[in-house]
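Heads up: the structure comes next, in structure tokens.
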Protein chains: 2
Amino acid sequence: MEISIKQEATCEQELVAIRDSLEILGGKWKLRIMRYLNNHIDEKNTFKKIQREVEGISAKMLSKELRELEINLLVTRTVMDTRPITVNYAMTEYGLSVFPVTETLVEWGLNHREKIK
Amino acid sequence: MEISIKQEATCEQELVAIRDSLEILGGKWKLRIMRYLNNHIDEKNTFKKIQREVEGISAKMLSKELRELEINLLVTRTVMDTRPITVNYAMTEYGLSVFPVTETLVEWGLNHREKIK
DNA sequence: CGGAATCCGGCCCGATACTG
DNA sequence: CAGTATCGGGCCGGATTCCG
């Protein structure tokens, strides 16, 4: 008879998991883009509109970050049949799962600023 | 008569708070150092010992990261009266507060790796 | 032993120009 | 409108050397 033991993640696996998380949360733009999309759910969020409203981002960075978010299943990309074509971006259901994580970062960060001031 | 309204953190304040958190959690070494210290609470954790056991870190980085952690009240630095002198480092009570945050990063990261594989 | 100083490479990111 | 291409700066982090 086999004895099944639930394995804890090893320290190294945990560090990999943290790195995975920070790859999404750690950059300069991904979170800003996702927060913008999340605050404008009912609108058509075209590339140009996102670039206008996510302050300071260049087309190159926006393109690159959106592609990475799409690969990570956090946002969807939809080419609209307009002239000229427009492309809409939106958060996925799964993408919403980042926000509870960022919320803990916000809380710790706010508390930390109080602590060290 | 003044009306006092409890302010929510603005979007910009939240982004600052996240940046503050990532300044601690986002680098390559701070978390590894803190995890090591936390797993060896009852030992004397000298500079050299930490450098041996936190795999791959250079003296320059270890020195710099420890200084930043100390400034942020997350670790203590204690010069011991030995010949030659040794210096001990340890997590502060407050420093322990980072671990619940990293735990959420671990959980999201593990789940995310499942999701996109 | 516990650092500081210096040099250096990679890569994240910005600015600008161009394309379908 | 929705991107790509190219150039380049800044900064994080590595390697090496030196000091009290």
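Each chain gets a letter, A, B and so on, in the order its sequence line appears, and its residues count up from 1.
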Under 4.0 Å between a side-chain N or O of [X] and OP1 or OP2 of [N]?
X	N	result
Arg83(B)	dC1(C)	no
Trp29(A)	dC12(C)	no
Thr82(B)	dC1(C)	no
Tyr89(B)	dG3(C)	yes

Inset, instruction - Just report the end-to-end axis angle for the helix from dC1(C)-dG20(D) to dG20(C)-dC1(D), five pairs per end, to 10 degrees. - result: 30°

Inset, instruction - Could you tell me whether a side-chain N or O of Thr92(A) sits under 3.5 Å from a main-chain N or O of Leu74(A), the two making a donor and an acceptor? - result: yes

So which nucleotide from [options] ends up closest to the side chain of [X]?
X	options	answer
Lys60(A)	dG13(D), dC13(C), dA4(C)	dC13(C)
Thr46(A)	dG14(C), dT4(D), dA2(D)	dA2(D)
Arg77(B)	dG3(C), dA15(C), dA2(D)	dG3(C)
Phe47(B)	dG14(C), dT4(D), dG2(C)	dG2(C)
Lys28(B)	dG13(D), dA4(C), dG14(C)	dG13(D)

Inset, instruction - Pick base, sugar-phosphate or nothing for Thr86(B), based on heavy-atom distances below 4.0 Å to the nucleic acid. - result: sugar-phosphate

Legend entry - Contact nearer the 5' end of DNA chain D, comparing Pro84(A) with Arg67(A): Pro84(A)

Legend entry - Transitive ILVMFWY side-chain link Tyr94(A) to Ile33(A), under 4.5 Å: yes

